[in-house]
Amino acid sequence: MLQQTRVEAVIPFYLAFLARFPDAASLAAAPEAEVLAAWAGLGYYSRARNLRRAAEILATVAPAGYEEILCLPGVGPYTAAALASIALGQPWAAVDGNVLRVVSRLTNDPSEIGSGATKRRFTETAQGLLSPSRPGDFNQAMMELGATVCLPTNPRCLLCPVAQFCAARQAGTQAQLPVKLGKPAARRLELHLLRCSVGSSTYLVKRSGEESRLADFWELPQKPAEPPFEVQLECTFSHQIVNDRFQVHVWGATLPVRPDLPGGGNWFEPDARKEIPVTTITRKALTRRNLNKSVQTPC
DNA sequence: AATACGGGGTA
DNA sequence: TACCCAGTATT
């Protein structure tokens, strides 16, 4: 439950869940739908399915250590280390997002925090700091430090119990760590979809692939009325993603029909321009699933 | 290495 | 609004 979910958000779900499924056997015996119902509101529902599958295993065998715990579905390096250290007292550093941030500051290391190489190195650092006699307490202390003191922005160094060991604090760089690779200011992508009307009918039009020799032309997915006909593009789109925003640019265009080209006359050259407004849609509202229907709304 | 997966809190 | 959260699985 704690994977990518704040402790405060988890607690009520955790209590209700344990009341309903007090042990591995009862969870393993429960229908998946019932488990999902108890999970409702927590998000990341594959965690619930994985947890039930793990319970099926745990009802039979008890894993002996990190490597075996890691084999359970839904258990990755962090969770395996947390379980091995807290439940079994074994010396594995549990490295979550908090610990990555704490280590980046303790060592004043400007490496990009999202890369796999950096995570591996920071994990080794945490492993070296780990208390072998109290690995569970150490791991929880590191995470708690990140959650309450070594905050993402405005770390509270004056309250920090390990400020005297912190390289970033000495260098005064704590506010600039950890370093996150910024996404490009604007990724521009082609939308490959637009709408046109033929007479009173409206059709979707898509651009053919770049690798095609017809890359610069637009294609009617369904064959419209028999040629000859006139095609008037009402508008066309392009979109770009700026940070978490999905912007759709809409502009008008008129395209001449090219019956002389391959495709039975269903090809024509783009002739666009004059950008008019910009519609902004949040990325959450524009997943791959509903892309097709969403992009039609601005038109 | 990138992405999908959720819902909620915060600056 | 943009980022983050006691990450993992999949591509």
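Worth saying up front: this structure is predicted, and the values here are computed from it rather than measured. Sequence lines set the chain letters: A, B, ... in the order given, protein chains first and strands last, and positions in each chain run from 1.
- Comparing A:Gly43 and A:Thr153 against DNA chain B, the residue whose closest nucleotide sits nearer the 5' end is A:Gly43.
- With hydrogens and angles left out, the side chain of A:Thr5 and the base of C:dG7 share no donor-acceptor pair within 3.5 Å.
- DNA chain C is contacted by both A:Lys119 and A:Arg101; A:Arg101 maps to the nucleotide lying nearer its 5′ end (nearest heavy atom per residue).
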Where do A:Arg105 and A:Arg169 land on the side chain to side chain contact (heavy atoms under 4.5 Å, CB included) test, with the steps shown first?
CA-CA 7 Å; A:Arg105 286 175 176 156; A:Arg169 171 67 173 158; over 6 Å; no
Assess whether side chain to side chain contact (heavy atoms under 4.5 Å, CB included) is satisfied between A:Leu51 and A:Val35, documenting all intermediate values.
CA-CA 9 Å; A:Leu51 183 60; A:Val35 179; over 6 Å; no
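- In this structure, A:Gly116 reaches the sugar-phosphate backbone alone: every heavy-atom distance under 4.0 Å involves primed, P, OP1 or OP2 atoms, never a base.
- The base of C:dC4 sits within donor-acceptor range of the side chain of A:Arg6, with an N or O pair under 3.5 Å.
- Nearest-nucleotide mapping onto DNA chain B: of A:Gln3 and A:Ala117, the residue sitting toward the 5' end is A:Ala117.
- At C:dC4, one or more side-chain N or O atoms of A:Lys180 fall inside 4.0 Å of OP1 or OP2 (strictly under the cut-off).
- In this entry the distance linking CG of A:Leu36 with C1' of B:dG6 reads 13 Å, nearest Å.
- Nucleic acid contact for A:Gly41: sugar-phosphate only, since backbone atoms but no base atoms lie under 4.0 Å from a heavy atom of the residue.
- When all heavy atoms are compared, the tightest approach of A:Ser104 to A:Phe122 is CB-CE2, 3.5 Å.
- We find that A:Arg52 and A:Glu56 are joined by a salt bridge, their nearest charged nitrogen and carboxylate oxygen being less than 4.0 Å apart.
- A:Leu151 has its CG atom 11 Å from the C1' atom of C:dC4, to the nearest Å.
- Between A:Val7 and A:Val75, the one whose closest nucleotide on DNA chain C sits nearer the 5' end is A:Val7.
- Atoms CH2 (A:Trp39) and C1' (C:dT8) sit 12 Å apart, rounded to a whole Å.
- Annotation: C:dA6 and B:dA4 have their P atoms spaced 23 Å apart (nearest Å).
- Remark: P of C:dT8 and CG of A:Leu51 are 13 Å apart, rounded to the nearest angstrom.
- Distances shorter than 4.0 Å separate some side-chain N or O of A:Thr79 from OP1 or OP2 on C:dT8.
- When the side-chain nitrogen and oxygen atoms of A:Tyr45 are compared with OP1 and OP2 of B:dG7, one or more of them lie within a distance under 4.0 Å.
- Annotation: C:dT8 and B:dG8 have their P atoms spaced 22 Å apart (nearest Å).
- Counting to the nearest Å, the C1' atom of C:dG7 and the CG atom of A:Leu100 are 11 Å from each other.
- Look at CE on A:Met142: it is 14 Å from P on C:dC5, rounded to the nearest Å.
- Across all strands, A:Gln140 comes closer than 4.0 Å to base atoms (heavy-atom distances).
- In the set C:dA9, C:dA6, C:dC4, the nucleotide with an atom closest to the side chain of A:Pro152 is C:dC4.
- Nucleotides C:dC3 and B:dT3 place their P atoms 15 Å apart, quoted to the nearest Å.
- Of all heavy-atom pairs spanning A:Gly74 and A:Gln3, the tightest one is O-NE2, 3.0 Å.
- Ranking B:dA11, C:dC4, C:dA9 by closeness to the A:Asn154 side chain, first place goes to B:dA11.
- Atom P of nucleotide C:dA9 and atom CZ of A:Arg49 are separated by 14 Å, given to the nearest angstrom.
- For A:Tyr44 against B:dG6, a side-chain-to-base donor-acceptor contact under 3.5 Å is present.
- Neither side chain, A:Arg47 nor A:Asn50, offers a donor N or O lying under 3.5 Å from an acceptor on the other.
- Taking atom CG of residue A:Asp96 and atom C1' of nucleotide C:dT8, one finds them 14 Å apart after rounding to whole Å.
- Look at A:Gln4 and you'll find a side-chain N or O under 4.0 angstrom from OP1 or OP2 of C:dG7.
- Using cut-offs of 30° and 60° for the angle between ring planes, the A:Tyr66 and A:Trp92 rings count as parallel.
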